[in-house]
Every structure is written in C-alpha cells, then in structure tokens.
Colleague: 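I have a structure I would like to understand better, so I am pasting it below and will then ask my questions one at a time.
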Amino acid sequence: MKKNRMPVLKTEQLKAFYVLYTFGKQTVIKAVNNVDLEVLEDEVFGLAGESGCGKSTLIKALFADINPPLRLFGGRVLYRIKDQEINVTSLRAQEKQKLMWKFISYIPQGSMSILNPVRKIKRTFKDFLESHVGKQARKEALEIAKKHFGELGLSLKVLEYYPHQLSGGMRQRVTVALATLLRPKIILADEPTTALDVVAQRGVIQLLKSLQKRWNSTVVLVTHDMGVHAHIADRIGIMYAGKIVEVATKEQIFKNPLHPYTKFLINSLPRFKDKTIRETIPGNPPLLFNLPSGCPFHPRCPHATELCVRQDPKCIEVEESHKIACWWVDGKNREDS
Amino acid sequence: MAFVKTYLIPRLIHYFLVLFLGLTAVFVLPRLMPLDPVEEQIAQYQTFGAYIPPEQLEQIINTLRELYGLKGTLLQQYTGFWRRLFTGDFGPSLAQYPTPVSELIASHLPWTIGLLSLTTVFSWIIAVLVGGIAGYYRGRWAEILDDIVMLIRPIPYYIMAIICLIFFGYIIPLFPLGGGMGIGREFSFNLETIRNILLHGTLPALTLIIVGVAWQFQSMKLIVQSVRAEDYVRYAEATGVKKRIIAFRYIIRNAMLPMVTQLGLQFGFIFSGALITEMVFTYPGVGLLLYNAVVKADYNLIMGILVFSVVAVATSILFLDLLYPLVDPRIRYK
Amino acid sequence: MAKIEKIVEAKSLTKVFSVGSRFLSTKIVAVENVSFYIRSAEIFTLAGESGCGKTTTAKIILGIEEPTTGEIIFKGKPASIWRHNRGEFMRQVQPVFQNPFETFNPLRTVDDLFFETVYNYNLVQDKDKAVDLITEKLVLVGLSFGEIRGRYPSELSGGQLQRASIARALLTNPSLLIADEPVSMVDASLRMSIINLFKDLKKKLGLSIFYITHDLATAYHVSDRIAIMFRGNIMETGPVEVVLTEPKHPYTQLLKDSIPEPDPEKKWDKQIKFPEIEHEEYLRSGCKFAGRCPLATDKCKSESPKEVRIGSVTVKCHKYEQR
Amino acid sequence: MFGLFRDLLRDYRFAVVFALLCIILSLVILSAFSPYHPQRMYQTPRSRPPSWEHPLGTNWLGQDVFWQLTFAIRNSLTIAIVASVVSRIIAVVVGMSAGYKGGIIDRVLMCMGDTTMVLPFLVVLILISTILREWVRYLVNLGLLLAFFSWAWDARVIRSQVLSLREREFTFTSIFSGMSTLKLILKQYLPYLLPVVLATLINNMSWAIGMEITLAYLGLGIDPTVPTLGTMLQTAIYRQALFWGLWWWFFTPIVASVLLFVVLYWLSLSVSEYLDPRVRIQRIGIRNEKK
C-alpha cells in the first residue's frame, strides 16, 4: 500500500437531515449524522451499508448537492484543491458550479433515467460541455466527446444512439464517460451497477478502475455489494444508521473486521464451495427518523452493555489505518470515554 | 421501414375505423330528430299561403325526400349517404334554398378556421412556453401567474365570453359587440376591411386565448412538475448544466410531448368551441351556421357541417399522431 | 435408482410476445423450448440475467400466462385439467414475489391478506382459529402475529415483509413455492436469513421451491439443482455443485467468472464484451450467445445447438455436440 | 374522520374553499325558507336596486333576486350531482371491467371514446336536447342527459389505472389468496381509484353546471321559468337587464357561478392532493413514528 497520501476530500462532523412536512407535521430523517471522513488521493474508497443507512445521502453531501428537503445541520465538507482546503458548503452557487465536473463529478444510480430520453447521446454530451467549457470549445464539443470515447475504448457509434436503444451496461458506461469528460480529480459513484447484470456490472467496474489508475484520480464508490468492494476498493467505510462505524483497508475489513456489525455483515456473505448455514444479524435495521439511543446498533448487538445504550461511541483509530466506532473491541470495553 | 409497418399502418387503420364510426353517428343522429324536414317544409309553404293541390303534394314530398336523402329503407338511405359523401355533394340547403350546402360551408369556413385554429395554436404555444418557464424557475412572478390562472381556469368559456363582452363591449367600448366585419361590408383586400376584420376578431380571439392559455398552462405546469423531478433533470442540475439549457432542452422539450396530444384534443373541441364563440359574438362562422341549421332543422346543412367537422378533427388528430414520432424518438423504434 | 417423483414438469415451453400494436408487430421469443422438472422436497433454481425469460417461465407455471406452445404437468396432471380446478391448484402452488412492498397492497394492512387467504380457502372457520393458524405460520418464518397486526406495509422493514409474504404463502400448506427473486430487494445482512429459511422449510415441511434469481451465490447455497437461462434458452442444467464449480457452457463460465466474490484476493483480469444495443440478442438466429462467445464458429451463428448430456449435466452448446 | 378533517383544514386553500362551500350550502338550505315562490312573477315591486328588504334587489319580473339565487344554486347543484354521480357510476363500472377483463368490452370502449372525441359533442348535445325538448325540461332528466355525455373520458382514465394496477404484484398475491375478481376490485383497487373518482366527480359537477348555463343560453334545457344559474342569466339577457340598468340582476348569476366554479375547482385540487396514494402512504408511515 502506498503511504503518506494526502486526503483530497474530508468531512468534519457532517450532519445532513431530511426535513419533511406532511399536513403540518414535521419529520426529521437523520440520514447523515456526525460523519467524519477522509478520502485520500489516488484511491478507490468504498462505502458500504444496507439500504436506508444514509450512504447515498452522504454522497450527495460530498457533492455539495444539498437541496430541500435535505438540509445541512452542521459540519463541513472540504475539498483539497492545489494544497488549499475549500469548504464547499459555504461556497456560492456559481463558485460551486465551477468545481463540479472539473474537480469533482458524480455517477448516479439508474442509468436509464439519467440521460434525457429524447436526445441523442452526442447531444447530451454537447449540453454538458456547453455549460462547462469556454465558447471556443463549444464548437468542438463533438470532437471532444469522440476523443474521449476513443480513450475509454467505447464505440463511436454509441454517440449516434438514443439512450433507450443502448443496453443497460452500455448506458452506464456512457454515464461513466460523461462523468470523466473533464478529467475530474474525484469521481463519486452512487450504486453505479445496482440495476445491472453481473456481466455488465463487471464491465462498468473494470472501466472505472482502469480510468482511476490511468489518471490517478480518486473514486468514492457506494454499493451494498461487498463483492464489488472486494474487487475494486482500496479502503472501505461501513455505514450504519447514518454513521460511519468502521473504516479500514479492504484486507482488514474482509480478514479482520472489528465492529460487531461488520463482523456479521462479512460472515453473512454467501461464498462458493461452502454450503454451511451462515449466521445473520438478528433484528431489523433502525428507522432513520426513529433512532435508538446511544449506539444505534445496540438493539441488535450481542455485546451491548449499559454504556452502549447510554452513549454513542466516537470513531477512533484502534490499529494502523483501522478506525471503529464501538465501545467493545476484541472482547474488551474501550477505556476512553 | 419499421416506422411504416409498426406505426403508420396501424394509425391509418385506426383513423379509418374512427372516421367510419363517427360518420355513421352523423348519419344516425339527425334521423332521431322529432321534426320531419319534409313535413316542416310543406308546412312552411302552406303558412305562406301557397295552395298545393293534393295530387301534386305527393310528388313534391317525393322530390324533397330524394333531395334530402330520405328515400327508401334505412339501408338504402345509408348507402346513399356514403355515395353523397364520396361525391362531396350534400344537396341544397333548406333554409337558404337552393344554395348548395357545400357553398354555404365554404363561405363560412374561412372565418372559423381563421379565428379558431389560429387562437388554438397560439394559446398552445404561449401555454407551453410560459407554463414551462414558470414551472421551472418558480419565482414570485410565477406564483402570481399561477394564482391568476387558478381563478380563470375553472370559469367555463361561455361565462368568460360574456364577461369579456360586457367589459370591453359595454363598459369600455373598445371593440364592436358582434359580427365578422362592419354591417353591409363586402369582402375585399383593402386596408380598411382588414383593419375592420381584425377589430371584430379581437374580442372573440381574446376570450379564446385567455381560456385556452389558462387550461393548457395548468396541464403544462403539472407535466413540468413531474419532468423536473426526473432523474435526468436532477442530474443535469447537479452537474452544473446551465439553467437556460435545462429549461429549454430538458424541461420544455420533454414536457411538450404530452402537450402535443393535448393540442390534438383541443382541435377536437374546435367545432364545439366555435358554436359558442360565434353565437355570443354573432361571428359569421360555421358555428353560427350550424346553430341556425339546428334551429331550422336544416338536414342537409347539419349533415354537411358534421361530416366536415368529423373529417377535419379526425384528420388533424391523425396528423399530430404522425408528427409525434418526429419529436419523440422513443415511439419510432418501439 | 429410485423413481424420481416429479412434482412439476415443464415440457418444451415457448412463449412469444408481440411488441407493438395489435395489427402489425414484432415478435419477441421470451421463452424458447424450455423443459425442466422439479422433484418433491427439492429446491430448483432458474438463474439468469434480467430479461432472460425467467419471470415469464414462473408466470407460466403459476398459470398467469399461457404458453404459446408446450405444457405444464403438475402432480401428473396437465395444466389444462388443473384449469377446471383452479382453487385446488392455487392452494398447492403459492407465489412469493420480488418486491415485498408491492406484494402487499400499500393501502391495506398486512394481516388483511392473511385473513383473506384463510377464509377464502376455508382453512378454518372462526377468527380465533384463524389467528392461531396465522401465528403458527408466522412463527415458522420467525415473526409473531403482533408484528403484523394492523400494520401497513410501509411500517415494516423489507426483511419482515418478505418473511410475512412467505408465511402467507405457507398458510394453505402448498407443495410448491414459486419464489421470483425473493431476496433481491432484501438487505445483504438479512438476505441469507431468507435463504436459510428456504432450506429450513424444505427440510421441515418437505416443500419444493422453484427459486428464481440472478444471484448465483445464493443459488449455490440454497438449491439442489440449477438451470442457467440466457435470452429465453436454458443453456445448462444440473446439480448446483457441478454446474457452478465446473461450468461447461461458455456463458455459464463467463457468468460465474463475473460474480464479484467477497474475497479481496480475487481480481478480474480479462476485459469482457457485451452488447451495445438493447434487444440485439433476442433477434439473433442460431445460438443467442454467439455474438459474445469466444469460441463461436459460423455454425453457432446460424444453427441453434441441441442439448447434450455430459454426466449429470445437460448443456446446449455446439462445442460439446461435435464430440 | 375528525382527524382527516383537521388535516385538510391545515391547507389554507382548503380552509378558504371550505368557508365558501359553507356559505353556498347555507344558501341552498335557505331556499327552503324562501318567502316567495320561485316561479311566480310580480311578487315584489319591480326593478328595485339592492336594499335591506331585498339584499340583491328585484328584477323586472317582480322577483326577489336573492331568493331566486338560492333556488338557482340549489337547482344547478341538483343537476350537477345527478349528472356527476350517475356518470361516475357508469365510468367506474365500464372502466374497471374494460381494464380488468379486457377483450371485447375494452375494444368497444376504446373505439367509442375515440369516436366521441371526433364528434363535436356540443352539437350532438344540442341536437339531442332539441329532439328531447320536453323531456329535458326537468332537472333530473337534464342531469341524466349530461351524465350520458361525460363518462367516456373518465372511464378511459380508470381503465388505464386498472391496467397498471393489474400488473402489480399485489394483484397476483390477492389472486393466490383466493380472492374473487369482484372482491379484488372492491378491496384492493378501489382505494387507488378513489382519488380519481372523487376529483373527477367534482370536476364533472362544474362541467355540468357550465353545460346547463350554455344550454339555457341557447334556449334549450331546463324550463326557463325554473330558476337555475343558467335560466337566471338567460332571462336577464333576454329581458335586456343591462340596457335597463338592472346590473344586480345581470351580475348576480355571473358572480355566483364564477364563485361556484372556483370553489369546486379548488376543492378538487385539495381532495386529489390529499387522497393521492403516495401522500397517503407517507401519512401511514408517519403514524408509525408516534408509536
């Protein structure tokens, strides 16, 4: 593993909640709750967790795409651009817009619906380029797109099609191409392969990985599929109920998980050539608008103590490059509190 | 040629089917009228004091029946109806005997076409543009616009027409109260006549546009609301595509597609709309002609106008349907 | 060898859908000449990518869709006979669907459908006994009646609902459960608990389960035999251990190779090919996989391969035919 | 029930509409206590401007405009309710059977719908009311005639909803729970169709009131001596109320009908928003939170 890499993206005590009103009643959904995160340059950071744990919301917050009903309740999101830390949550819309795509870009879930269905792929590329490059380059938009497709090894024919004519895997590769058009330093990918078949998923993941290697960029990949993380990620963060409960290298997560939730998660994964019954987590995931007190995992945790019910543990380093948020480590209660 | 096979031919089949049913309805409906046109006419002759000897009466009745296509059994009448359709001859009008029906329609049609198709298309374009922009940008002005539309939208056209007539005709007499051009004027291409036609047309056109825009503005706004929630719009927004590009190429372009169908429906209402407009403003179009025909039980004229409107409406809907794949690529390859 | 008791058998099913209008349309073959059988107390998996025709096959067995050609034989009697006794057929064959939030009407309470099932099939007469019966089945899947009473689907978690859906299907003591992607909408940590539940039900109740999935890892865990489907064709069938550890068909090999295994030491190295255009492969004559197959010959592109039996496995590939 | 009402009143638009609706309904109730007969003439001094005794003045025929208005609203609403309820019943039955059963019924409905679209329906309506001139003089009969003209479009809307509901998984679960088709439709589908039915019910009411006014203008429809919003306006126009300066006679039916249309439209918006299944699910979900 490469050492001493600088963090390129950082959050400090980030809180982003959804506030919903239905007929005068207010509901607060604590989707991202006190998250501290560091993403290093030139790495693939995998963010894992079950549906409704807030991982997609965290990606939105990282992209500074906070629009009602999502609201920022505290904390900062910092980008490191040319050795300067910029807090994007306090930037004005125009300044933020300048960073989008050139410094950071975003691949969302659902390739079918993110491309305008009535415009050819090349027109979509043109629309995006028109807003981001100078007047001169506008005329060459098609040339830029073609060159980019060539670099990615995609067929130029694709530019002439409408989105619905492409297969799911091809469509998602087009969105990868769209997101990397301006060579951003950071690519945020939110469940980019969830709706795809395994073969197409493999194609997209391989493309993403090769681009990351070639341009030494950073990829933050959100997916619930631990198998995908095992293939592509360098470091993995595990999210549970709006919090990051464990961050470590891929090897540490798979070989030596420390948080009880991660242990369950890794152990419950089906593996080939092993048909033994796998143990699963008891109970159900908590609802984000009705969180339990203290550590959100304590109702399902076999090691829960009175302390866990009372107080929420901080995420601290317990080994080299291995952080967890748990009072119970290796059978011992954590001393600091 | 997938377009011809999977789109054009089925549409054409559907078109002819609807045309057939609609025209059959046109044939059936007047025959349900309680007034026998022939007896009406005889009665009318007699009230003018003309004496018709009984042996001639039979002959006159026969001639009239033939003239109105009422001779023979219902089936014979029906085949005769289609024969008349294909030759384009609807016979003479009763009320304005012996002017042929086709001539009457031809002289009134330009007024209706000029007023209604222009206002329909015009209000559609305004509604799509204003509704699209207001629906996307949602500023304070958009809210005020919305409130105004919420007040206008539920008012039926007829009430609206009367309100406008009272307001701009009686209270502030800006425009003439009725007619197509000044009384006793002959149509000719000079500046004065054209000015006059425009002046007479303004009030009916204004009411049609107000109501038309309010109706379609509402639908456009609803469609825009769902389009702006689509993932591709949100994605484009999040990645910093310029608002102007999103408004026109994403929102309006995509919301326009269902609105094209709406335009087709609006054409369907043209003749019903013409009837009321032209009556309130005594505008000399087909609607007024039709109303008079109904009142006077003018068989041939009613049929002529109904046939004409059915064909015109069905054809305009077909035309829009065929146009649709050009604007929506998803249809083309289905 | 003892006589195999086949609970259900599909005999050369073909289903053609017309896409487009009523008058003129393109035909898409969703299921092409598919045959398989399920034994009693066996979990049989039909695996494949989305759009390969596996859901259509399930619907044909459930009697929701009519096959264009071919027939279903359930407990020795063809579907045409069962059609006259639909009530009894439905009592014996029950479905579990993919999306638990859609399985129950979102605007009605969950227990409503339980009572409906009990009363409509005349399982018991009075309400107390109905509650007892429902509780019995809910306990079997690890729930209690209190958890679902008066609740709307949106008030329960996906895992709970999917268990409830299975419990509802068990009310009538069916002999065959048709589970269409039952875990694809369930969280990873709860997924295996549903899989374990299936194994448990098979053992305890002697239930046969037709498990439809795109997830080969869970298929490996739960099933006895597996069929791999691609674009309407079954490419390979056999015991799950054999098919998934030594895949014969090039498609199965690719599929198996593309599964992201949760093992940090395994990495993909080969770049792969997949179709650019939607529907491209449906309309292909010959072997549907020929466009992407590394071993494809001219014969593959023009001629549909026949089924070849190799040991316990049946494969549909020209490569094995030639031998 | 009370909770539902309280929820609705939180919406300011609904609160305004509700207040106006109360006024309109109290006018309808007041009509039962009218000191004058609705059809008799010369019961009051003629052509008096509004005063304490006659809040909206009197007309040229010696009738009190305020009390005429109460009858007019009552009668117009009667027509509207008959028309919309009857047409809703037809629309639901036809739409559901076409959507669920498909086949012949479906095709016939589709063709009928398309045919009615190309026929100028107002012309046809005028023709029929000419044919049945005597029959449509009565409120209920006119309501029935209007009902016959307004089900086709909404039946199509219901049909398409049923078509999409039929493909949803809970339909299959219900079938395999042994539910009969009728029970399935009533228990599982009706909650989804309720918003459409209610919203179109209200829209249909305002359409029927508008049609009555239009027909009255053409001298068709209701017996012109029976006060409705249409006949009131028509009499005022026919007797040249504005020419004589009797503006209160002329404007009362116009203002009243505009008010009624706005109230009905806003009501339909609030109701359909409230009954929208997505919003309902959200409410169900939130109720859970309090437990």
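Proteins come first, then strands; the chains are lettered A, B, ... in the order of their sequence lines, and each starts at number 1.
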Colleague: Taking atom NZ of D:Lys183 as the centre, does the number of heavy atoms from other residues, nucleotides or ligands within less than 6.0 Å exceed 12?
Modeller: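 Yes, NZ of D:Lys183 has more than 12 neighbouring heavy atoms, counting only those of other groups under 6.0 Å.
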Colleague: Need one label for C:Asp112: side chain, backbone, both or neither, based on atoms under 4.5 Å from any heavy atom in chain D.
Modeller: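 Only the side chain of C:Asp112 comes within 4.5 Å of chain D.
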Colleague: For C:Leu171, is it the side chain, the backbone, both or neither that has a heavy atom under 4.5 Å from a heavy atom of chain D?
Modeller: neither
Colleague: Measure the CD-CZ distance between D:Gln188 and C:Phe104 for me, rounded to the nearest 0.5 Å.
Modeller: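 So the gap between those two atoms works out to 10.5 Å.
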Colleague: If I measure from the heavy atoms of chain C, does D:Lys187 come under 4.5 Å with its side chain, its backbone, both, or neither?
Modeller: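 Backbone plus side chain of D:Lys187, per the 4.5 Å heavy-atom cut-off to chain C.
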Colleague: Can you see which heavy atom on C:Asn120 is nearest to which on D:Ser177, and at what distance?
Modeller: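 Distance-wise, the nearest heavy atoms are ND2-O, 3.0 Å.
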Colleague: Where along residues 81-103 of chain C does a heavy atom come under 4.5 Å of chain D, listed by residue number?
Modeller: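 Residues C:Arg86, C:Met90, C:Val93, C:Gln94, C:Pro95, C:Phe97, C:Gln98, C:Asn99, C:Glu102, C:Thr103 are the ones that qualify, each having a heavy atom under 4.5 Å from chain D.
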Colleague: In the structure I gave you, are the side-chain heavy atoms of D:Arg168 and C:Pro106 within less than 4.5 Å of one another anywhere?
Modeller: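 D:Arg168 reaches C:Pro106 side chain to side chain.
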Colleague: Kindly give the heavy-atom pair with the smallest separation between D:Ile175 and C:Tyr121, and that separation in Å.
Modeller: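 Minimum heavy-atom contact is O-OH, 4.4 Å.
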Colleague: Output the distance between atom CG (D:Leu184) and atom CG (C:Asn105), rounded to the nearest 0.5 Å.
Modeller: 9.5 Å
Colleague: Using non-hydrogen atoms only, which part of C:Leu113 is less than 4.5 Å away from chain D: side chain, backbone, both, or neither?
Modeller: both
Colleague: Kindly write out the residues that satisfy ring-ring contact (aromatic ring centres under 6.0 Å, His included) with C:Phe114, not counting sequence neighbours, or none if the list is empty.
Modeller: none
Colleague: Identify the two heavy atoms, one from C:Ile64 and one from D:Phe176, that lie closest to each other, and give their separation to 0.1 Å.
Modeller: CD1-CE1, 4.1 Å
